[in-house]
Amino acid sequence: MNTLKAVRGTRDLLPPETELWHHVEATARRVFARYNFGEIRTPIFEDTLLFARGVGEETDIVSKEMYTFTPADDVGREARGQDRGRAASDKAQSLTLRPENTAGVVRAYIEHKLGETGLLQKLYYMGPQFRRERPQKGRYRQFFQIGAEVIGPPSAGSESPLRDAEVLEMLASFLDELGVTGWRLAINSVGSAADRPRYLAALREALAAVAGSLCGDCQHRAHTNPLRVLDCKVPADQPVIDALPKIADYLDDASRAHFAAVCAALDRCGVRYELNARLVRGIDYYTRTTFEFTHDAGLGTQNALLGGGRYDGLSEMLGGPRAPGIGFAIGADRLVLTLQSQAGGAAAPSKADVFLAPVGEAQNPAALVLARELRRSGLRVELGDGSFRVKKSFELADKLARRIVLLGEDEVASGMLTVKNFATGEQQKVVRGELATALSGA
RNA sequence: GCGGCUAUAGUUCAGUGGCAGAACGCCGGUCUGUGGAUCCGGAUGUCGUGGGUUCAAUCCCCACUAGCCGCCCCA
């Protein structure tokens with residue numbers, strides 16, 4: 001029989017790598033808490049309409065990358081006429097594994113009427129997302145994002161450029177605190193919901209005149225998704241692209257002032273960034289400020305560590321009240337890859353405080369009692385087995401723990417335990433009552 | 001979704017149309033209470049899966065699956 005494997009684009013995360021994931025997640029929780037964010041957990045699947053409306057029907061994500069299904073059970077029961085007791089909404093509803101989390105958060109914001117609190121909602125999330133793309137390093141079909149949203153009624157200050165700057169400053173602090181070196185921040189403004197159509201029209205017009213001189217991909221993009229032409233990396237295309245209309249020239253006064261205020265605030269607090277008039281995002285809900293943090297080590301083509309921006313019209317697109325907001329999503333898989341690359345490879349597993357080695361199987365029960373005491377006092381204890389020879393216990397202990405404690409007949413009788421520290425090689429006898437204290441130091 | 005490269009031991013990788021290899025790791029012994037590069041010994045495995053060619057295929061051919069690189073796109 002063929003053994004089953006993790007399906008394409010999914011993977012198992014094992015120790016010690018999961019220790020690094022814990023570190024990343026714990027750092028995120030710690031940093032976000034300092035900015036007074038709270039955690040939100042939304043469902044992993046949602047009504048397909050949420051993403052179609054929120055992310056955008058025409059985006060790649062929605063048009064070709066979603067895991068959408070209609071629960072077979074519902075369809076089957078309906079076909080068999082067994083649906084009598086069910087609400088109409090439960091019949092053959094199209095569901096989708098979330099490809100991103102912002103739409104879900106905004107849906108929850110609307111559903112729970114969080115805007116009625118009058119307060120700014122500052123919510124963070126972490127969890128798996130799903131997109132059916134060709135897998136590659138740093139790109140998986142189930143991948144993990146850590147993200148946050150700042151959203152609320154305008155009266156709560158949700159439109160303030162200070163919120164944009166604060167979020168960017170938080171991200172810079174997060175990466176610094178994690179020890180990520182060499183990250184770069186690019187920012188841009190894609191304008192308001194009113195600015196964008198005007199710019200797009202101008203861009204299309206300009207492209208119609210020059211598309212013939214661009215690469216094949218760009219000729220295609222000029223029709224399907226003109227903004228993406230700006231992202232083209234083909235050297236020969238660059239002079240033509242540079243001559244295209246700039247989004248900055250199409251911003252209304254309010255958008256222009258907003259962006260200038262974001263930049264001024266970043267300058268003031270020393271967060272370094274570069275303006276990138278070509279920074280374009282592939283999700284329809286973005287307005288005004290957009291940004292991307294990139295890193296060049298260990299990621300290959302997938303060099304975007306995190307991205308985000310403002311989405312002032314998203315709530316209304318989902319049938320909610322006016323609720324401007326800004327958010328971001330960190331590619332946790334990519335962040336972990338970057339940290340591993342910086343550390344020069346996979347980390348060694350961390351070690352237990354002590355390996356407790358019963359000597360002789362008769363000591364096993366007594367060893368469990370002692371292990372229980374030590375663990376209850378907070379120590380990390382690896383419990384061996386009395387059937388192991390002492391040499392084997394030492395070998396195992398040296399791999400797994402910083403110290404070994406021998407528990408043989410003598411020790412049980414005398415209450416004096418043998419403790420050896422592997423770092424120093426020193427060995428001593430310790431009274432059982434003082435053992436926990438003796439083991440808790442370095 | 002498109003193009004390219006790759007798939008052999010737990011891991012990193014050699015290799016050959018004719019009995020499957022190294023290093024590290026693992027297990028055991030020297031040593032019935034002492035580890036960290038002592039010494040000695042041992043096992044590593046459906047050579048990704050399924051077909052085909054051949055007297056014979058891990059090797060050549062085809063398909064599939066998966067990973068990586070590039071494209072597309074994104075985090």
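Every chain is numbered from 1 and lettered A, B, ... according to where its sequence line falls, protein lines coming before strand lines.
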Participant: To the nearest Å, how far apart are K429(A) NZ and U34(B) P?
Facilitator: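 In whole Å, U34(B) P lies 13 Å from K429(A) NZ.
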
Participant: For the side chain of A329(A), counting heavy atoms from C-beta on, which of A75(B), G33(B), C31(B) is nearest?
Facilitator: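 Between A75(B), G33(B), C31(B), the one nearest the side chain of A329(A) would be A75(B).
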
Participant: Report which part of the nucleic acid L305(A) touches: base, sugar-phosphate, or nothing (heavy-atom distance under 4.0 Å, all strands).
Facilitator: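 It contacts sugar-phosphate atoms only.
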
Participant: A cation-pi test, strictly: NZ or CZ of R184(A) under 6.0 Å from the centre of the six-membered ring of F293(A) and no more than 45 degrees from its axis. Yes or no?
Facilitator: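 Not satisfied by the 6.0 Å and 45° rule.
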
Participant: In whole Å, what separates the P atom of A14(B) from that of G48(B)?
Facilitator: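 14 Å, rounded to whole Å.
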
Participant: Between G36(B), U34(B), C69(B), spot the one nearest the side chain of K137(A), thanks.
Facilitator: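 So the nucleotide nearest the side chain must be C69(B).
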
Participant: Closer than 4.0 Å, any side-chain N/O of Q427(A) to the OP1 or OP2 of U34(B)?
Facilitator: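 No, Q427(A) has no side-chain N/O under 4.0 Å of OP1/OP2 on U34(B).
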
Participant: Could you tell me whether E395(A) contacts a base, only the sugar-phosphate backbone, or nothing, with contacts defined as non-hydrogen atoms closer than 4.0 Å?
Facilitator: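 Contact class for E395(A): sugar-phosphate only.
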
Participant: How does each nucleotide of nucleotides 1-11 of chain B score, in 5' to 3' order, for protein heavy atoms under 4.0 Å: base (B), sugar-phosphate only (S), or none (-)?
Facilitator: BBBB-------

Participant: Kindly indicate, with the supporting measurements, whether the criterion side chain to side chain contact (heavy atoms under 4.5 Å, CB included) is fulfilled by T70(A) and L95(A).
Facilitator: CA-CA 6 Å; T70(A) 302; L95(A) 305 176; over 6 Å; no

Participant: What I'd like to find out is whether the side chain of S440(A) reaches to under 4.5 Å of the side chain of L379(A), using heavy atoms alone.
Facilitator: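 Yes, side chains in contact.
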
Participant: Just how far, in rounded Å, is P of G33(B) from CG of D398(A)?
Facilitator: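 Distance check: D398(A) CG to G33(B) P gives 20 Å.
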
Participant: Select from E292(A) and K64(A) the residue whose nearest nucleotide in RNA chain B is closer to the 5' end of that strand.
Facilitator: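 Result: K64(A).
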
Participant: So, Y124(A) versus F32(A), ring centres under 6.0 angstrom or not?
Facilitator: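 Centroid separation for Y124(A) and F32(A): below 6.0 Å.
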
Participant: Determine: side-chain N/O of K399(A) to OP1/OP2 of G36(B), distance under 4.0 Å, yes or no.
Facilitator: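 Answer no for this pair, as no side-chain N or O of K399(A) is under 4.0 Å from OP1 or OP2.
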
Participant: Quick check: are there more than 12 heavy atoms from other residues, nucleotides or ligands sitting under 6.0 Å from NZ of K137(A)?
Facilitator: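 Not more than 12 within 6.0 Å, no.
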
Participant: If the threshold is 4.0 Å, N to carboxylate O, is there a salt bridge linking R403(A) and D353(A)?
Facilitator: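 Salt bridge flag = no for D353(A) with R403(A).
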
Participant: Given C31(B), G33(B), C69(B), which nucleotide is nearest the side-chain atoms of K391(A)?
Facilitator: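 Shortest atom-to-atom distance from the side chain points to C31(B).
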
Participant: CZ of R41(A): more than 12 outside heavy atoms within 6.0 angstrom?
Facilitator: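 Counting neighbours around CZ of R41(A), 12 or fewer heavy atoms of other residues, nucleotides or ligands fall under 6.0 Å, so no.
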
Participant: May I have the distance from D60(A) (atom CG) to C71(B) (atom C1'), rounded to whole angstrom?
Facilitator: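 Rounded to the whole Å, the gap is 12 Å.
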
Participant: With heavy atoms under 4.0 Å as the rule, sort G138(A) into base, sugar-phosphate or nothing.
Facilitator: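 Since a base atom lies under 4.0 Å of G138(A), the category is base.
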
Participant: Verify whether one side chain among Y273(A) and D267(A) offers a donor that lies under 3.5 Å from an acceptor in the other.
Facilitator: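 Short answer, yes.
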
Participant: Would you mind classifying the nucleic acid contact of S393(A) as base, sugar-phosphate or nothing, using non-hydrogen atoms under 4.0 angstrom?
Facilitator: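 It contacts nothing in the nucleic acid.
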
Participant: Rounded to the nearest Å, what distance is computed from the CG atom of residue L4(A) to the P atom of nucleotide A66(B)?
Facilitator: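 Whole-Å distance recorded here is 13 Å.
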
Participant: Are E169(A) and S173(A) linked by a side-chain donor-acceptor pair shorter than 3.5 Å?
Facilitator: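 Yes.
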
Participant: 5'-most contact on RNA chain B: Q136(A) or L407(A), nearest heavy atom basis?
Facilitator: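 Comparing both residues, the 5'-ward one is L407(A).
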
Participant: Starting at CZ of R11(A) and ending at C1' of U65(B), how long is that distance when rounded to a whole Å?
Facilitator: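 Taking atom C1' of U65(B) as the reference, CZ of R11(A) is at 19 Å.
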
Participant: Decide yes or no on salt bridge (Lys or Arg N to Asp or Glu O under 4.0 Å) for R278(A) and D242(A), but give the supporting numbers first.
Facilitator: CA-CA 9 Å; R278(A) 296 182 179 187; D242(A) 283 335; 2.6 Å; yes

Participant: Taking only N and O in the side chain of R8(A), is any of them less than 4.0 Å away from OP1 or OP2 of A66(B)?
Facilitator: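 Indeed, a polar side-chain atom of R8(A) lies that close.
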
Participant: On a whole-Å scale, what distance lies between the C1' atoms belonging to C72(B) and G17(B)?
Facilitator: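 My reading of the C1' atoms in C72(B) and G17(B) gives 42 Å.
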
Participant: Less than 6.0 angstrom from the centroid, inside 45 degrees of the normal: does K391(A) satisfy that with respect to the ring of F394(A)?
Facilitator: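 No, K391(A) and F394(A) do not form such a contact.
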
Participant: For C60(B) versus U8(B), give the span between their P atoms, rounded off to a whole number of Å.
Facilitator: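 So the two P atoms sit 15 Å from each other.
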
Participant: Among the candidates G33(B), A75(B), C73(B), find the nucleotide nearest to the side-chain atoms of A304(A).
Facilitator: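 Minimum distance to the A304(A) side chain belongs to A75(B).
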
Participant: Which is it for E65(A) and F130(A) under the side chain to side chain contact (heavy atoms under 4.5 Å, CB included) test, yes or no, and what are the steps along the way?
Facilitator: CA-CA 8 Å; E65(A) 296 173 1; F130(A) 306 85; over 6 Å; no

Participant: Between C73(B) atom P and E65(A) atom CD, what is the distance in whole Å?
Facilitator: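 In whole Å, C73(B) P lies 10 Å from E65(A) CD.
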
Participant: Where the side chain of Y286(A) is concerned, which of A75(B), C72(B), U34(B) is the nearest nucleotide?
Facilitator: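 Selected nucleotide (nearest to the side chain): A75(B).
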
Participant: Mind pulling the stems RNA chain B is in, i.e. runs of at least three Watson-Crick or G-U pairs, everything under 3.5 Å?
Facilitator: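 In RNA chain B, stems of three or more pairs: B:1-7 with B:65-71, B:10-13 with B:21-24, B:26-29 with B:39-42, B:48-52 with B:60-64.
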
Participant: Establish whether the base of U34(B) is bridged to the side chain of K420(A) by a donor-acceptor pair shorter than 3.5 Å.
Facilitator: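 Such a pair is found, so the answer is yes.
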
Participant: Assess whether a salt bridge exists between E39(A) and R29(A), defined as any Lys/Arg side-chain N lying under 4.0 Å from an Asp/Glu carboxylate O.
Facilitator: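 A salt bridge links E39(A) with R29(A).
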
Participant: Scan I330(A) against the nucleic acid and name what it touches under 4.0 Å (heavy atoms): base, sugar-phosphate only, or nothing.
Facilitator: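 Touches nothing.
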
Participant: Within the 4.0 Å heavy-atom criterion, would you say Y140(A) contacts the bases, only the backbone, or no part of the nucleic acid?
Facilitator: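 The answer is base, as Y140(A) lies within the cut-off (heavy atoms under 4.0 Å) of a base atom.
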
Participant: Among the nucleotides A75(B), G35(B), G33(B), which one has an atom lying closest to any side-chain atom of Q145(A)?
Facilitator: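 Side chain of Q145(A) sits closest to A75(B).
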
Participant: Please work out if I283(A) contacts a base, only the sugar-phosphate, or nothing of the nucleic acid, heavy-atom cut-off 4.0 Å.
Facilitator: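 Here I283(A) touches the backbone only, sparing every base.
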
Participant: What is the separation between atom CD on Q129(A) and atom C1' on C73(B), rounded to the nearest whole Å?
Facilitator: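 Whole-Å distance recorded here is 16 Å.
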
Participant: Under 4.0 angstrom, heavy atoms only, what part of the nucleic acid is Q363(A) near: base, sugar-phosphate, or nothing?
Facilitator: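 Q363(A): no heavy atom of the nucleic acid under 4.0 Å.
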
Participant: Give A397(A) one of three labels, base, sugar-phosphate or nothing, depending on what nucleic acid heavy atoms sit under 4.0 Å from its own.
Facilitator: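 Contact class for A397(A): none.
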
Participant: Take the protein atom CZ of F355(A) and the nucleotide atom P of G33(B), then report the distance between them rounded to whole Å.
Facilitator: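 About 16 Å, once rounded to whole Å.
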
Participant: Indicate, with a heavy-atom threshold strictly under 4.0 Å, whether G147(A) touches base, sugar-phosphate, or nothing.
Facilitator: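 It contacts nothing in the nucleic acid.
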
Participant: Under the criterion of centre distance below 5.5 Å and interplanar angle below 30°, is F143(A) classified as stacked on the base of A75(B)?
Facilitator: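 Yes.
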
Participant: Under 4.0 angstrom, heavy atoms only, what part of the nucleic acid is G360(A) near: base, sugar-phosphate, or nothing?
Facilitator: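 It contacts nothing in the nucleic acid.
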
